**Q** 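Please read through the structure below; I'll follow up with questions.
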Amino acid sequence: MLDPKFVRANPEEVAQLLSKKGFEFPLQAFQALEERRRDVQIRTENLQNERNTRSKSIGQAKASGQDIAPLLAEVSQLGEDLEAAKNELLQVQDQMDALLLGIPNLPDASVPEGQSEDENIEVRRWGALPEFDFEARDHVALGEQATQLDFEAAGKLTGSRFAVMRGNLARLHRALAQFMLDTHTQSHGYLEVNVPFMVNADSLKGTGQLPKFEEDLFRVPFGERDYYLIPTAEVPLTNLVRDQILDASELPLRMVAHTPCFRSEAGSSGRDTRGMIRQHQFEKVELVQLVRPEDSMQALEELTAHAERILQLLELPYRTVCLCGGDMGFGAAKTYDLEVWLPGQNKYREISSCSNMTDFQARRMLARWRNPETGKPELLHSLNGSGLAVGRTLVAVLENYQQADGRVAIPQVLQPYMGGQTFL
RNA sequence: GGAGGGAUGGCUGAGUGGUCGAAAGCACCGGUCUUGAAAACCGACGAGUCGAGAGGCUCCCAGGGUUCGAAUCCCUGUCCCUCCGCCA
């Protein structure tokens with residue numbers, strides 16, 4: 001959520017910044033609503049003030065033994081007026097909340113202009129592309145040997161966009177997750193956290209998936225209310241600090257979690273139907289940081305580097321792109337995507353997305369820290385990034401480490417996790 | 001599933017219808033003292049919101065209700081704790 005004060009004071013600037021993200025800020029509607037809110041609020045508070053004052057004097061009259069009947073008669077109309085004003089205020093505030101909750105975060109000044117992913121800016125490339133003296137196979141072909149990667153079985157068990165992995169392939173998948181967790185906890189200073197894979201609506205509202213993107217989620221009816229399968233560990237990790245005031249000494253707070261992620265992929269039917277690039281369920285190692293506001297842009301560079309380090313250690317070629325305004329997510333102020341080279345598709349594909357959400361999520365969550373300089377609680381900045389998507393990393397390993405005979409070599413850093421094996 | 005007890009400021013914890021946004025202690029901050037520190041003492045000290053300011057309004061788990069007036073009474077829900085049962 002944006003700072004209502006800032007929006008109120010700078011509506012034109014907000015509209016202008018949001019247009020960079022391809023979002024049209026409803027300026028007229030906002031200003032009309034804001035004006036009405038102010039009127040109704042002032043009227044309501046005046047009535048409340050009067051009620052409080054009179055009730056107090058009734059209390060005093062009663063204490064001193066006076067007859068309070070005439071005083072009671074005076075306030076009889078007040079209650080009704082106050083109730084009407086309160087109801088109107090609630091209505092206006094609901095409308096204002098609904099409006100503000102649907103507005104995306106403002107893009108940082110350094111974010112490139114652009115409508116779509118075609119206008120993202122490549123900031124660096126790492127690693128040499130593999131050269132094969134044979135036709136590169138994709139991960140589906142490589143994985144189907146000995147039915148280690150089985151989409152048919154998953155279709156029977158569940159449906160499309162699920163996968164079954166067996167044997168060494170399942171082990172390699174697990175090895176990747178372990179390797180990522182170990183690297184982030186041991187080399188990058190993250191605290192490993194094990195979190196629920198289902199969350200409530202408040203958590204999703206806090207990180208920004210609700211109310212706007214409900215159709216992307218799997219909802220689980222439970223008693224009187226609903227739970228949701230997490231679309232990313234960003235949700236439970238970031239919400240750990242919801243309604244909290246952290247001490248300055250706890251910052252920066254760096255957390256990492258390995259979880260399954262569940263996405264309905266509502267808007268993407270027909271895309272990436274082959275293979276395990278786009279699944280309803282996939283595993284991800286997620287990095288989250290909570291930092292002082294002035295540190296967040298530097299933290300984004302560091303967090304991105306932490307994710308990149310995994311690709312480097314796995315010796316997978318990749319590039320880092322800075323998303324343009326039009327391609328950025330709802331809550332992000334700035335985003336770097338990591339794209340790994342997939343020989344089977346002959347292109348770079350997203351394997352990580354690292355974002356600085358600034359105070360956008362913190363405001364929704366009321367996640368704060370006590371600033372020693374002011375002594376006051378102030379909003380934190382939150383960041384998150386995949387470090388990395390495990391399934392897609394497995395795909396990248398298969399395709400980049402394939403041999404002429406169809407076998408797949410195991411990256412050196414994973415061999416200790418694979419009982420010393422060098423090939424799958 | 002059954003029985004009971006809880007939820008109050010950063011933390012602990014008093015408060016059962018009126019002057020309570022809320023005692024006390026701890027923590028934090030400022031000061032005195034000290035070569036420095038500790039201790040002691042003094043002071044300040046919840047959050048949000050509206051307002052130029054004075055000041056107003058809201059918030060004692062959440063949502064309803066009773067009342068002129070609710071932290072306090074009633075209803076519903078959530079979470080936590082204890083005991084019993086069941087269970088991975």
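Because the structure is predicted, anything quoted here is derived from the model rather than measured. Here is the naming used below: chain letters follow the sequence lines, and residue numbers restart at 1 for every chain.
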**Q** Which whole number of Å gives the distance between the C1' atom of B:A70 and that of B:G15?
**A**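 Here B:A70 and B:G15 have their C1' atoms 13 Å from each other.
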**Q** Using a cut-off of less than 4.0 Å, is there contact between a side-chain N or O of A:Arg51 and OP1 or OP2 of B:U58?
**A**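 True: A:Arg51 side-chain N/O within range (under 4.0 Å) of B:U58 OP1/OP2.
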**Q** Base, sugar-phosphate, or nothing: which does A:Arg37 touch, judged by heavy atoms less than 4.0 Å apart?
**A**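 Sugar-phosphate: the residue A:Arg37, judged by heavy atoms under 4.0 Å, touches backbone atoms but no base.
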**Q** Check every atom of B:G69, B:C57, B:C79 against the side chain of A:Tyr227 and return the nucleotide holding the closest atom.
**A**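 The answer is B:C79.
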**Q** Go through B:G10, B:C50, B:C68 for me and flag the one nearest to the A:Ile58 side chain.
**A**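 Among the listed nucleotides, the one closest to the side chain of A:Ile58 is B:C68.
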**Q** With rounding to the closest Å, how many angstrom separate the P atoms on B:U58 and B:A22?
**A**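 Straight-line distance between the two P atoms is 14 Å.
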**Q** What's the gap between B:U32 and B:A39 when it is taken at their C1' atoms, as a whole Å value?
**A**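 To the nearest whole Å, 13 Å.
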**Q** Tell me: CE of A:Met1 to C1' of B:U49, nearest whole Å?
**A**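 Answer to the nearest Å: 12 Å.
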**Q** Please classify the nucleic acid contact of A:Asn46 as base, sugar-phosphate, or nothing, using heavy-atom distances under 4.0 Å.
**A**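 It contacts nothing in the nucleic acid.
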**Q** Rounding to an integer number of Å, can you tell me how far A:Gln41 CD sits from B:G48 P?
**A**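 It is 16 Å, rounded to the nearest whole Å.
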**Q** Could you measure between the two P atoms, the one in B:A27 and the one in B:C42, and give it in whole Å?
**A**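 Comparing P positions in B:A27 and B:C42 gives a spacing of 15 Å.
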**Q** What's the closest nucleotide to the side chain of A:Lys5 if the choices are B:G10, B:C68, B:U49?
**A**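 The answer is B:U49.
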**Q** Would you measure the distance from the P atom in B:A37 across to the matching atom in B:G30 and give it in whole Å?
**A**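 Going atom to atom, P in each nucleotide, I get 12 Å.
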**Q** B:A23 and B:U8: how far apart are their P atoms, nearest whole angstrom?
**A**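 Each nucleotide's P atom is 16 Å from the other's.
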**Q** Check this for me: does any side-chain nitrogen of one of A:Glu308 and A:Arg124 sit under 4.0 Å from a carboxylate oxygen of the other?
**A**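 Between A:Arg124 and A:Glu308 there is a salt bridge, with a charged N closer than 4.0 Å to a carboxylate O.
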**Q** Return the value, rounded to whole Å, for the distance between atom CD of A:Gln60 and atom C1' of B:G17.
**A**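 Going from A:Gln60 (CD) to B:G17 (C1'), I get 16 Å.
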**Q** Looking for any heavy atom pair under 4.0 Å, which part of the strands does A:Pro372 touch: base, sugar-phosphate only, or nothing?
**A**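 Nothing, no heavy atom under 4.0 Å.
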**Q** Under 4.0 Å between a side-chain nitrogen and a carboxylate oxygen: does that hold for A:Glu88 and A:Arg43?
**A**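 Salt bridge flag = yes for A:Arg43 with A:Glu88.
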**Q** Flag the pair A:Asp150 and A:Arg166 as a salt bridge only when some basic side-chain nitrogen lies within less than 4.0 angstrom of an acidic carboxylate oxygen.
**A**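 Salt bridge between A:Asp150 and A:Arg166, a charged N being under 4.0 Å from a carboxylate O: yes.
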**Q** Whole angstroms only, please: what is the CD-P distance between A:Glu45 and B:G56?
**A**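 Taking CD of A:Glu45 and P of B:G56, I get 12 Å after rounding.
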**Q** Mapping A:Asp3 and A:Leu72 onto RNA chain B by nearest heavy atom, which one lands closer to the 5' end?
**A**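 So the residue in question is A:Asp3.
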**Q** Is there a donor N/O on one and an acceptor N/O on the other, under 3.5 Å, for the side chain of A:Lys62 and the base of B:G18?
**A**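 Counting by modelled atom types and ignoring angles, a donor-acceptor contact under 3.5 Å is found here.
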**Q** Decide, yes or no, whether a salt bridge links A:Lys20 with A:Asp108 under the criterion of side-chain N to carboxylate O below 4.0 Å.
**A**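 No, no charged N to carboxylate O under 4.0 Å.
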**Q** For RNA chain B, whose closest nucleotide is more 5', that of A:Lys376 or that of A:Glu50?
**A**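 Nearest nucleotide further toward 5': that of A:Lys376.
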**Q** Using a heavy-atom cut-off of under 4.0 Å over every strand shown, decide if A:Arg368 touches base, sugar-phosphate, or nothing.
**A**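 Here A:Arg368 touches the backbone only, sparing every base.
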**Q** Strictly distance-based, threshold 3.5 Å: is any side-chain N or O of A:Thr185 a donor or acceptor partner for the main-chain N or O of A:Leu181?
**A**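 Yes; judged by distance alone, with no hydrogens or angles, the pair exists.
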**Q** A:Arg370 side chain: which of B:G10, B:C57, B:G18 is closest?
**A**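 The nucleotide sitting nearest to the side chain is B:G10.
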**Q** Quantified in whole Å, what is the P atom distance between nucleotide B:G2 and nucleotide B:C28?
**A**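 Their P atoms lie roughly 47 Å apart.
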**Q** Tell me which nucleotide among B:C57, B:G10, B:A47 gets nearest to the side chain of A:Ile245.
**A**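 Per side-chain heavy atoms of A:Ile245, the pick is B:G10.
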**Q** Got a donor-acceptor contact below 3.5 angstrom from the A:Asn105 side chain to the A:Met357 backbone?
**A**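 Present.
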**Q** Would you kindly give the CD-to-C1' distance between A:Gln48 and B:C68, to the nearest whole Å?
**A**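 Answer to the nearest Å: 15 Å.
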**Q** Both distances below 3.5 Å, Watson-Crick or wobble geometry, any strand: find the nucleotide opposite B:C57.
**A**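 For B:C57, the partner nucleotide comes out as B:G48, under the 3.5 Å rule.
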